[in-house]
Amino acid sequence: MAALNDEQIMLRDMAREWVQNEAPVSAFRKVRDSGTKLGYDPEAYAAMAAMGWVGIVIPEAYGGSDFGYLSLGLVLEETGRTLVASPLASSGLAAASALVLGGTESQKQAWLSGIASGEVVAGLAVDEGPRHEPTKIETRAERSQDGWRISGTKSFVAEGDGASLFIVAARTDAGVGLFLVPGEVEGLTRATRRMADSRSHADIRLAGVQLGEEALLGSEDGAALLDQVLDRARVGTAAEMLGMAEQAFQTTLDFLKSRVQFGQTLATFQALQHRMAKLYTDMELMRSVVEAALEAVDAGRSDLPVLASLAKATANETLHLMSREMIQLHGGIGMTDEHEAGFYIKRARVLENMWGNASFHRERFARLSGF
Amino acid sequence: MAALNDEQIMLRDMAREWVQNEAPVSAFRKVRDSGTKLGYDPEAYAAMAAMGWVGIVIPEAYGGSDFGYLSLGLVLEETGRTLVASPLASSGLAAASALVLGGTESQKQAWLSGIASGEVVAGLAVDEGPRHEPTKIETRAERSQDGWRISGTKSFVAEGDGASLFIVAARTDAGVGLFLVPGEVEGLTRATRRMADSRSHADIRLAGVQLGEEALLGSEDGAALLDQVLDRARVGTAAEMLGMAEQAFQTTLDFLKSRVQFGQTLATFQALQHRMAKLYTDMELMRSVVEAALEAVDAGRSDLPVLASLAKATANETLHLMSREMIQLHGGIGMTDEHEAGFYIKRARVLENMWGNASFHRERFARLSGF
Amino acid sequence: MATALDTPTEKPLDAFREEARAWLETNFPKSLEGKENAFLSIDAPAQTSPDYLAWKQAMADKGWGVPTWPKQYGGGSLSRAEARMLAEEMARIGAWNPIGGMGVMMFGPTLLEYGSEEQKQRHIPPIARGEIRWCQGYSEPGAGSDLAALQTRAEDKGDHFLVNGQKTWTSGGQWADWCFALVRTDSTRKHEGISFLLIDMKSPGVDVRPIRLISGSSPFCETFFTDVEVPKENLVGPLGGGWTIGKRLLQHERTNLSGGGRLAAAMGRSLVDIAKHYVGTDNEGRIADADLRQRIIRYEMEMRAFTMTARRVMEEAKGGGVSTASSILKNVGAKLTQERAELTIEIMGMSGLGWEGEMFSESELSATRSWLWGKAVTIYGGSTEIQNNVIAKRILGMLDHQ
Amino acid sequence: MATALDTPTEKPLDAFREEARAWLETNFPKSLEGKENAFLSIDAPAQTSPDYLAWKQAMADKGWGVPTWPKQYGGGSLSRAEARMLAEEMARIGAWNPIGGMGVMMFGPTLLEYGSEEQKQRHIPPIARGEIRWCQGYSEPGAGSDLAALQTRAEDKGDHFLVNGQKTWTSGGQWADWCFALVRTDSTRKHEGISFLLIDMKSPGVDVRPIRLISGSSPFCETFFTDVEVPKENLVGPLGGGWTIGKRLLQHERTNLSGGGRLAAAMGRSLVDIAKHYVGTDNEGRIADADLRQRIIRYEMEMRAFTMTARRVMEEAKGGGVSTASSILKNVGAKLTQERAELTIEIMGMSGLGWEGEMFSESELSATRSWLWGKAVTIYGGSTEIQNNVIAKRILGMLDHQ
């Protein structure tokens, strides 16, 4: 555990308590079984916003607390444990980061306090296919007389069904820029993708969407801004995955300690002990890289890209293995929908894909490291 | 075990018996401790030749038995078990294959019976650096009035110290050709490489070596012949590695059954049982691919290149792991020179490099398979 | 990619091969070409198309659904060599065996070995004709891998047994006509207290509840037995002899399951093709993602090694029967099935995680479901861990008493 | 490659840092820059160059060889923060600590905790000055990982113990002055029958035979004790209390060994540089062998994760002492050490398997030897298997009594 200050410890404890009491895995099951397209329980999200979690990386001037990314990571870790379904990562982390990093005063004023309060749900719309490829953006943003005209399709946008604001990456004459696109603007249509994790994902079609000058976030050549935003999203996702892996491990460990086979609890079988020891070791390493990346964001370190790729690649590998072992070590019961193991593996694979899979980040790590 | 005919079963049983009685690991230790540059015991090799092993792939007309590659593989597997030090693979397999496949009648007559009888020891000289790169040949063979003039340096030639004939790959105007270069010809010098496996390896320097017309084996554009020879060498090496892996496994299994720790034999610890089960499984797969490749040579299958790369890559991976586990599972005793575990891992790494490491063969497998 | 050793080398067309070829050409409906559902017998209710029914009828009349079983029980009485030729000829034209399921794969061979003449005459022919579906009553909630800890009781009531208890993981229980079950007839002894009993699923007191899996499907059930009366004639083998028979049946299961990896490979496009489609290739024709490509190479190599091993084991076990290598094949086949499924959804990216709806192609949705369903293959039929125990103890002799 | 979190962020130069910097500049001989032998204390006899001796003398006088030990026993009495600054300043100029070995790493801290005042006064100062070398008398031929099965007897003879038995894996036994040993003083009880004894290696009856390793070197010995008389004052802690003390010492060992991976990385060139040299790069600057490159990437990533974890554990264990994470660090560090060595020789190809002679460069020969020697790191100091038992049982509580 990184060295936390008192406020961070309080925040984490509060998050842990709320999650365990108010949003256990059964809460996620309820959301799923309700069949909602929204993918989360608005009341729960309102409660999270009321506790200040959605504004953690937003400056106080715009209704946030400016507690930093390590703090937000602590909360995401806790909500990850029980698979809390909410737009916290999309809206409170990814989209908020884009506005904080690239927004003008008036853009910040227009959107940030709504995001912090939970009234605005924002989503980051970058990819245009099933794989994360931020260099392959074909959506066009063309200057029109009174602003911008945007055309293209964004795929698998998280919270795409419920978001009232999209941060859209589009190609400009100068490179790639980020644009603020309200969810209800004319020419924007959504197509829901019902996915294995039962959360909201949608393709967003922009058919010549007409926006004003103030839609552009940062400069027309915003590739650097996009990178910064993506790295924050990656690190936040890794924090959520850390919580998931830890809970998956704990649930499995508890099961092994309680299940009796051949007159022994499973926990006493040495082959299983060594597998659990290996998983536990992997998770210690995972925690280190995730916390280091979160701290790197707060410290403004210039090597954040390397650390973010290290964190996301490691999180992917570890949660991948952990989610497989969770099912295998539970045996038959883990195969049933009645058990939660399936929830973890389904969500795990979605997050593994989000903002770059392990191959993507290993390649990026190596290139950034000069080999 | 592949379906063997009666002669093959007899051959294998004879090899097994001779190896266990006449050439156990202690015989290799004796060769090593003698400090010989030759790297093997000439008397033992003479015995092997007398039993007909060196002529197994050589036609009867030239003093061999023409029993085929599966048969030779069976012998190499048995000699691999106890690390028998001999030029069988270099001379009786690699070099003999080159002559059988590419030689003219007079070339065969000149050399093959000597190889079969063990009087001639031949080596295949292809690589020019520490990695196997048969496409990177810079040794030049130029036409001179009365034949060929060859210049260049070959590295890490197995049996390079004792060989009386080298099959040398050299660049011609038409491509790459193979040349028969007697060991004692003028302009040829040898520099011993003392390596971890205590066998003979040497760099061979050819300083304008002058040879007659009859030195060329096959055509001046002999890349296809070279490939065929190399694939045979690869498959034979894989067979030797199969034997090594099996003996390493057996020795380790016997140790685990005899060693008592915490009042139990190590063999009863489940974590070790599962590791041994995994190794045993790996070795069953290894046996299948090695035998399939040997049979493919005998059957003249056109997909031999794919099967040879599959066999060598698999042999590399499996023996690599097995040789590590042999030391680890033996604990301290396996770290001592007194024990044989060190012999296996040292020889394993040399053979892993010989005729292409796992990376080389995985890449080749994929390219040949069209991806 | 060529399948090398998988393709039989050309053989002389002997008389039987000619007969088989001609018969198949006449009887196999072209409309069914390649339409086999690999998980047919447990994953879904029976097919009912006219072509399917006609094909099944033809195969049943010929006895070729169970080609090596004796003719007197409705089999084909073919030699193993002939059966293989038949399989080759079927594969050649995309034909497939419409008669399968647990009755054919597991229960039939076991009953042929241990059943009374009367039992064989009654139960084997309907299996051979594909008329009766059997399910397996082995696992119980409290006894997972430790099968012998089972608690379902069968009390001796003179002319019948009275069965009470609960089974779980009854594959296809909701569609099955009969159940072969391990029941406890003596609670004082663990293994020797177990008997092998045949239970009519339509008997009063049998209640079946499908179990929903993480893949969304429900191929298994919980089966409850409440005061179910089972005639004494339905006991196979001696009272208390069920463990031996039950284990033998599991060996048949394992031998069949070990084909899993191969099965997976046979289903749908090759991984390489999927990768080329979703990821693309570089200017040298290599799959563009180098990291992914390395893992595909390893998968393809191991798959080849597995196929070769399965063939080798089959050839070595000449005289028929069950090889000791079945545990190895089960583990490797199961691992490869899962590996392939994980690679497939990874290659497809977010598209490989679709659950339903028209935003995903059929093959994408099926990739998701197969991936999840495939998590079972290292658990059922003796988990990977149990097989490793078997390898270590039975094959390698890593026991305490040395 | 930048080492990111390994490089300390800039801190204000406080008084101590300035003092250390100035002192080091005056006292550290430039000729010794970077010449540290990581395995110095056990792998070879002591160095004897004048510069080395002067440097050692200076450090001994200052007490900085054991910076956090109390001044009264020859240490530096530095705080942990100061000791860290000192280490940083040394690293900055390529300086290194000439005082090390088992006395510093393991025995000293243990004696400081469990020794009598008299024992500390006698034994700690020579360790602090690097004058006395200690070796470890723990392992025995019949007791590998099961240390408590040890048989070397120490009989109570009134004013002395009479020691008989055989130890093995005595690190640096041939160069050691003293041995700290676990001996059996009561054969009726397993753990409670063990005592912790200090034995002068020059005592009559002590016989040492170097063990030749697969790497060709002999850093360990077999040590035979035949009627060796050991004064009673050399017993540390109570009679029969040796197991507790011995285990504590092993924790120190593990904590030190866990730095192994880091150590390996500090030795010689980076893997990436070696690969670029031997394998070359493609036109995008990537290591040319794609398969190898993927494995180097994974190694580099895990190495970074390991370094970060070691740092995190150190920071969390604020108050000093031994962390429960030591088993984890030991295992990962050892694995990475071996991984790096295997990758190194793979990259070098045949050149990475040289044994001797001028056909190989120094760094190639050293790669071979380090690779082989490195096979020990997952065995000694509590094997990987033992550490996994410790993690499962002590940290995860996977015990029977739940």
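Reminder, nothing fancy here: chain letters follow the sequence lines and each chain counts from 1.
Across C:I211, C:T384, C:N389, C:L372, the residue that shares the most heavy-atom pairs under 4.5 angstrom with chain A is C:L372. Considering only heavy-atom pairs separated by less than 4.5 Å from chain A, the leading option among C:G354, C:A149, C:G349 is C:G349. Heavy-atom pairs under 4.5 Å with chain A peak, among C:N388, C:I345, C:L213, at C:L213. Taking chain C as the reference chain and counting heavy-atom pairs below 4.5 Å, the highest number among A:K346, A:M335, A:R131 is found for A:M335. In terms of heavy-atom pairs under 4.5 Å with chain A, the best-connected choice from C:V279, C:T168, C:L147 is C:V279. Contact count against chain A (heavy-atom pairs under 4.5 Å) is highest for C:S351 among C:S351, C:G357, C:S383. When each of A:H339, A:R275, A:H330 is checked for heavy-atom pairs under 4.5 Å with chain C, A:R275 comes out on top.
For chain C, the nearby parts of A:A191 are the backbone and the side chain; heavy atoms of each come within less than 4.5 Å. The contact between C:L353 and chain A is made by backbone and side chain atoms together, counting heavy-atom distances below 4.5 Å. Proximity to chain A (any heavy atom under 4.5 Å) is shown, for C:E358, by neither the backbone nor the side chain. Looking at C:S139, neither its backbone nor its side chain comes within 4.5 Å of chain A, counting heavy atoms on both sides. Neither the backbone nor the side chain of C:L365 comes within contact range of chain A; no heavy atoms are under 4.5 Å apart. For A:T192, the part sitting under 4.5 Å from any heavy atom of chain C is the backbone (N, CA, C, O) and nothing else. Contacts of A:I333 with chain C are made by backbone atoms alone, with heavy-atom separations under 4.5 Å and no side-chain atom involved.
Around CZ of A:R29, the count of heavy atoms belonging to other residues, nucleotides or ligands within 6.0 Å exceeds 12.
Annotation: side chain of C:M350 is in contact with side chain of A:M354 (closest heavy-atom distance under 4.5 Å). Between C:I379 and A:I327, the closest side-chain pair of non-hydrogen atoms falls below 4.5 Å. Side-chain contact between C:L292 and A:F360: absent, with no pair of heavy atoms (C-beta onward) separated by less than 4.5 Å.
One finds the CG atom of A:D197 at 10.5 Å from the CH2 atom of C:W355 (value rounded to the nearest 0.5 Å). Once rounded to the nearest 0.5 Å, the distance linking CD1 of C:I214 with CD of A:E338 reads 13.5 Å. Here the CD-CZ distance, from C:E346 to A:R349, works out to 9.5 Å after rounding to the nearest 0.5 Å. Here the straight-line distance linking atom NE2 of A:H320 with atom CD of C:E342 works out to 4.0 Å at 0.5 Å rounding. Between the CD atom of A:Q261 and the CD1 atom of C:I386 there is a distance of 7.5 Å, given to the nearest 0.5 Å.
At a threshold of 4.0 Å, the pair C:R293-A:E363 does not count as salt-bridged, since none of the basic side-chain nitrogens sits closer than that to a carboxylate oxygen.
Side chain to side chain, A:S359 and C:R295 meet the donor-acceptor criterion of an N or O pair below 3.5 Å.
A side-chain contact (heavy atoms from CB on, under 4.5 Å) with C:E356 is found for exactly one of A:R193, A:R194, A:M195, namely A:R194.
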Q: Show your working on salt bridge (charged side-chain N to carboxylate O under 4.0 Å, His left out) between A:R324 and C:E339 and close with a plain yes or no.
A: CA-CA 11 Å; A:R324 288 176 79 153; C:E339 211 47 45; 3.7 Å; yes

